[in-house]
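Note that ligands are numbered from 1 as they come in the structure, with each ligand's atoms numbered from 1 the same way.
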Amino acid sequence: MPELVFFSGTMDCGKSTLALQIEHNRSARGLQGMIFTRNDRAGAGKLSSRLGLVTEAVEAAEEFDFYAYLVDHLSRGGRCDYVIADEAQFLAPEQIDQLARVVDDLELDVFAFGITTDFRSKLFPGSQRLVELADRVEVLQVEALCWCGARATHNARTVGGVMVVEGAQVVVGDVNAGDQVGYEVLCRRHHRRRMTAASAHAAALSPDVLPVEPAGPAERARQPRPTDRVQPA
Ligand SMILES: Nc1ncnc2c1ncn2[C@@H]1O[C@H](COP(=O)(O)OP(=O)(O)O)[C@@H](O)[C@H]1O
Ligand SMILES: Cc1cn([C@H]2C[C@H](O)[C@@H](COP(=O)(O)O)O2)c(=O)[nH]c1=O
């Protein structure tokens with residue numbers, strides 16, 4: 001039975017690499033896929049991985065209709081054995097419905113790849129619809145790690161090196177960007193405390209201040225703990 005599969009994870013956990021591997025393995029066996037993406041960092045019409053591989057893809061812009069595009073392609077005698085959709089978090093819920101229809105009515109496997117939540121740890125609308133409709137949600141096995149060594153489960157946005165929790169949901173960017181806007185993957189604990197690698201390092205370097213009164217729970221939560229491993233600068 002064809003399936004709609006959502007491969008999800010944080011930024012930088014290998015989703016695009018897996019998309020390229022699935023494409024490679026299937027095309028090596030003579031199958032022909034259709035690759036879609038939206039807002040890849042490498043530019044329009046590209047699916048790129050940080051491992052250096054990049055392939056051509058169809059840019060699925062805002063008004064793009066996946067179902068109509070594939071019906072048109074097939075009715076012109078084109079071939080398509082499976083579908084890959086990267087950066088699926090950026091797709092509109094209606095476009096995810098179209099992908100589900102591709103599975104059910106055109107009987108094609110659809111492999112969608114994307115981050116589940118944004119920098120505020122809120123679901124992207126496209127990812128929410130994928131969770132609602134997918135036959136399977138697969139969390140990637142290669143763990144991205146927080147600076148403390150725990151599994152990274154959340155995406156933080158930094159502006160000028162400082163973590164922010166307000167702003168537009170979509171800002172294309174990269175981890176280790178060093179630009180004005182960048183991203184860093186964190187565990188939930190450090191995402192909640194807004195502690196990035198840089199701010200944890202700064203906190204660890206600042207001189208200890210003896211508390212005048214015993215710290216309350218909120219205060220204790222902000223203190224770096226001995227278990228918070230700080231990476232060297
Ligand atoms: N220089 C490197 N050597 C080995 N692996 C790397 C290197 N750079 C990146 N990677 C791997 O690539 C992953 C990111 O892959 P990518 O497909 O671009 O992620 P995603 O699409 O999830 O953002 C990293 O988590 C890491 O495992
Ligand atoms: C958290 C978050 C991310 N983005 C952008 C940043 C990147 O361009 C992509 C994720 O790409 P990756 O291949 O998974 O690294 O999403 C965004 O626009 N808004 C966010 O909140």
Side-chain angles (χ1 to χ4, degrees), residues 5-25 35-57 59-62 84-93 95-96 111-131 137-147 149-188 190-192 194-197 231:
V5 188
F6 179 31
F7 293 95
S8 74
T10 59
M11 288 181 68
D12 199 24
C13 71
K15 301 179 300 298
S16 300
T17 305
L18 180 61
L20 289 162
Q21 287 173 316
I22 289 177
E23 159 63 14
H24 174 81
N25 290 353
I35 306 178
F36 299 97
T37 189
R38 172 132 174 216
N39 292 342
D40 190 287
R41 285 180 308 277
K46 304 273 181 215
L47 189 167
S48 69
S49 140
R50 291 182 182 81
L51 280 181
L53 292 170
V54 58
T55 192
E56 298 297 316
E59 183 76 14
E62 223 167 286
I84 286 174
D86 198 20
E87 306 291 355
Q89 72 275 3
F90 293 144
L91 300 177
Q95 290 175 312
I96 305 300
F111 306 110
F113 300 81
I115 52 178
T116 324
T117 52
D118 67 13
F119 69 109
R120 301 161 307 164
S121 55
K122 301 284 182 199
L123 286 165
F124 280 94
S127 307
Q128 179 182 338
R129 196 68 187 133
L130 272 163
V131 170
V137 177
E138 298 276 347
V139 177
L140 262 73
Q141 286 181 2
V142 180
E143 301 178 348
L145 298 180
C146 179
W147 56 266
R151 182 183 180 120
T153 46
H154 289 67
N155 304 296
R157 178 182 291 165
T158 56
V159 177
V162 177
M163 182 171 163
V164 294
V165 289
E166 281 177 17
Q169 186 175 51
V170 177
V171 178
V172 175
D174 204 350
V175 291
N176 305 319
D179 308 324
Q180 183 62 3
V181 177
Y183 291 94
E184 181 174 335
V185 294
L186 298 173
C187 66
R188 186 191 59 238
H190 290 126
H191 194 278
R192 283 183 49 242
R194 300 190 196 175
M195 279 181 87
T196 61
Q231 281 186 340

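By the definition of a contact as any protein heavy atom under 4.0 Å away, atom 26 (C) of ligand 1 is not in contact. Using a 4.0 Å threshold on non-hydrogen atoms, atom 20 (P) of ligand 1 counts as touching the protein.
With a heavy-atom cut-off of 4.0 Å, Val171 touches ligand 2 through its backbone alone. At a heavy-atom distance under 4.0 Å, only backbone atoms of Asp12 (N, CA, C or O) approach ligand 2. Residue-level proximity to ligand 2 for Phe124 is carried by the side chain, the only part with a heavy atom below 4.0 angstrom.
Among the atoms of Met11, none of the N or O lies under 3.5 angstrom from an N or O of ligand 1.
Side chain of Arg157 to backbone of Gln169: a donor-acceptor contact under 3.5 angstrom is found. The closest donor-acceptor contact from the side chain of Glu23 to the backbone of Ile84 lies at 3.5 Å or more, if one exists at all. A donor-acceptor pair is defined here as one N or O able to donate and one able to accept, closer than 3.5 Å; such a pair exists between the side chain of Gln95 and the backbone of Ala61. Here the side chain of His191 pairs a donor or acceptor atom with the backbone of Phe119 at under 3.5 angstrom. At distances below 3.5 Å, at least one donor-acceptor pair connects side-chain atoms of Asn155 with backbone N or O atoms of Met11.
Residue, atom and distance of the protein heavy atom nearest to atom 8 (O) of ligand 2 are Gly173 N, 3.1 Å. Distance from atom 16 (O) of ligand 2 to its nearest protein heavy atom, with residue and atom name: Phe90 CZ, 3.2 Å. Among all non-hydrogen protein atoms, the one lying nearest atom 20 (C) of ligand 2 is Gln169 O, 3.5 Å. Nearest non-hydrogen protein atom to atom 2 (C) of ligand 2 is Tyr183 CE2, 3.3 Å. Taking atom 8 (N) of ligand 1 as the reference point, the nearest protein heavy-atom neighbour is Arg50 O, 4.0 Å. Scanning the protein for heavy atoms near atom 12 (P) of ligand 2, the closest one is Arg41 NH1, 3.5 Å. Protein heavy atom at the shortest distance from atom 15 (O) of ligand 2 is Arg50 NH2, 2.9 Å.
For Arg50, the CZ atom counts as densely surrounded, since its 6.0 Å shell holds more than 12 non-hydrogen atoms of other residues, nucleotides or ligands.
Numbered from 1 in the order shown, with element, the atoms of ligand 2 that lie under 4.0 Å from a heavy atom of Phe119 read 1 (C), 20 (C), 21 (O). Against a heavy-atom cut-off of under 4.0 Å, Val172 is close to the following atoms of ligand 2: 8 (O). With ligand atoms numbered from 1 in the order given, ligand 2 contributes 3 (C), 6 (C), 7 (C), 10 (C), 14 (O), 15 (O) to contacts under 4.0 Å with heavy atoms of Met11. Heavy-atom contacts of Val170 reach the following atoms of ligand 2: 18 (O) (cutoff under 4.0 Å). The Lys15 neighbourhood of ligand 2 comprises atoms 14 (O), with distances under 4.0 Å to a heavy atom of that residue.
Closest approach of Trp147 and Leu186 over heavy atoms only: CD1-CD2, 3.5 Å.
Separating the CG atom in Leu47 from the CZ atom in Arg41 is a distance of 10.0 Å, to the nearest 0.5 Å. A distance of 11.5 Å separates CD1 of Ile115 from CG of Asp12, quoted to the nearest 0.5 Å.
Using a 4.5 Å cut-off on side-chain heavy atoms (C-beta onward), Lys15 and Glu87 make no contact.
Atom 12 (O) of ligand 1 has its nearest heavy-atom neighbour, among Leu51, Asp86, Leu145, in Leu51. Among Arg157, Glu87, Lys122, Gln89, the residue whose heavy atom sits closest to atom 13 (O) of ligand 2 is Glu87.
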